[in-house]
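Since the structure comes first, as structure tokens, the remarks are kept for the end.
All of these numbers come straight from a predicted model, not from anything done at the bench. Below, chains carry the letters A, B, ... as their sequence lines are ordered, and counting in each starts from 1.
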Number of protein chains: 2
Amino acid sequence: MASDGHLFLQGTLEVLILKTLSWGPMHGYGIANWLGERTDGELDIEEGSLYPALHRMERRGWIEAEWQITDKNRRAKYYQLTRDGRKRLRDDAKAWSRFASAVAEVLDESKAPSWAT
Amino acid sequence: MASDGHLFLQGTLEVLILKTLSWGPMHGYGIANWLGERTDGELDIEEGSLYPALHRMERRGWIEAEWQITDKNRRAKYYQLTRDGRKRLRDDAKAWSRFASAVAEVLDESKAPSWAT
DNA sequence: AACCTTTACATAGACTGTCAAGGGAAGTGG
DNA sequence: CCACTTCCCTTGACAGTCTATGTAAAGGTT
């Protein structure tokens, strides 16, 4: 899980989804699993966060959906990036990168009062 | 500013404040400025986010306040970390670090489909 | 049948950030 | 002395995203 009571995910979930979909169409359940595995369980996306996120991203035209049958023979809504979605992914990934650098700049352990270590 | 409509800050603001205060007591205005300068303007904390954050952190016992006079001869509420605040800082900094690594693992550019670059 | 897995959705609620507005006190330039 | 700017704090309305929790249904397995 993403740890205790932290809302770090806030604002980041969408980029993560976009990136996941950049590898090809996938359904919600698959996206969550992929993210979880990829990050060794550190990123545990709740269904209640995931599906609403997918819905609003579709509404905004970043992804499109299509019902299909999975290899496990179940109905699933496959999402894929649109042109806008790809652009969005590029922009957001850069924005995240800048933001993360800034935070790292502040939190950098090497620049800590001794007691804080 | 932290860029367009991103809520990346969500959940991160408190660690940033804690870390800033780890250098010594400081007032709100000073905290915001310090963060802004330290990150070349990338982190622009709104007063409407900052002060409420300080208030709730005080309510939770992570920081304590004391009115004093600044070197510019103005009244200001100086905040400093409590024992709980220091612990919180350590824990949250670690949590952030893990989270950021996980996100980086996913967004890593070197692992991108060619069109996404 | 009973049960687990896969897949999707919805509602309620809490939390936290933005926006916008306001106020007061100390300098500074005229 | 007045106007203006800088410093510093506060709060309320509002919006957005996440969590918690529960529902649903179909396929596979035993």
Problem - D:dC7 phosphate, OP1 or OP2, under 4.0 Å from B:Thr70 side-chain N/O - result: no
Completion exercise
Of A:Thr12 and A:Glu47, the one whose nearest nucleotide on DNA chain D sits closer to the 5' end is A:Thr12
Problem - N or O in side chain of B:Tyr51 less than 4.0 angstrom from D:dC9 OP1/OP2 - result: yes
Exercise for the section: Tell me which of A:Pro52 and B:Lys77 sits closer to the 5' end of DNA chain D, going by the nucleotide each one is nearest to. Expected result: B:Lys77
Problem - For atom CG of A:Leu50 and atom C1' of C:dT6, their distance in whole Å - result: 14 Å
Problem - Distance in angstrom units between B:Leu16 CG and C:dG17 C1', rounded - result: 13 Å
Exercise for the section: Identify which nucleotide among C:dT6, C:dA26, D:dT10 has an atom closest to any side-chain atom of B:Arg74, counting heavy atoms from C-beta outward. Expected result: C:dA26
Problem - Length of the line joining A:His27:NE2 and C:dT5:C1', which is rounded to integer Å - result: 12 Å
Practice task
Please work out if A:Arg75 contacts a base, only the sugar-phosphate, or nothing of the nucleic acid, heavy-atom cut-off 4.0 Å.
Solution key: sugar-phosphate
Handout entry: N or O in side chain of A:Ser49 less than 4.0 angstrom from D:dT17 OP1/OP2
Key = no
Problem - Side chain to side chain, A:Thr39 and A:Asp44, heavy atoms closer than 4.5 Å - result: no
Exercise for the section: Whole angstrom is fine here: how far is it from CD in B:Glu46 over to P in D:dC9? Expected result: 16 Å
Exercise for the section: Return the value, rounded to whole Å, for the distance between atom CZ of B:Phe8 and atom P of D:dG16. Expected result: 17 Å
Completion exercise
Closest to the 5' end of DNA chain C, once B:Arg56 and A:Tyr79 are matched to their nearest nucleotides, is A:Tyr79
Practice task
Using atom CD1 of A:Ile69 as one end and atom C1' of D:dA25 as the other, report the distance to the nearest whole Å.
Solution key: 13 Å
Handout entry: Nearest non-hydrogen partners of A:Ala102 and B:Leu43, listed with the distance
Key = CB-CD1, 3.9 Å
Exercise for the section: Decide if the gap between the ring center of A:Tyr78 and the ring center of A:Trp67 is smaller than 6.0 angstrom. Expected result: no
Fill in the blank from the handout: From CD of B:Gln68 across to P of D:dC9 the rounded distance in Å is 12 Å
Exercise for the section: Evaluate the side-chain proximity of A:Trp62 to A:Arg86: yes if any heavy-atom separation is below 4.5 Å, no if none is. Expected result: no
Exercise for the section: Classify the nucleic acid contact of B:Gly48 as base, sugar-phosphate or nothing, counting any heavy atom under 4.0 Å across all strands shown. Expected result: base
Problem - B:Trp67, nearest nucleotide to its side chain (from C:dT7, C:dG17, D:dC9) - result: D:dC9
Problem - Sugar-phosphate only, base, or nothing, as touched by B:Arg60 at under 4.0 Å among non-hydrogen atoms - result: sugar-phosphate
Completion exercise
Atom CG of B:Asp44 and atom P of C:dG17 are separated, to the nearest Å, by 14 Å
Problem - Under 4.0 angstrom between B:Asn73 side-chain N/O and C:dA25 OP1 or OP2 - result: no
Problem - Heavy-atom closest contact (B:Pro52 atom, B:Glu47 atom, distance) - result: CD-O, 3.7 Å
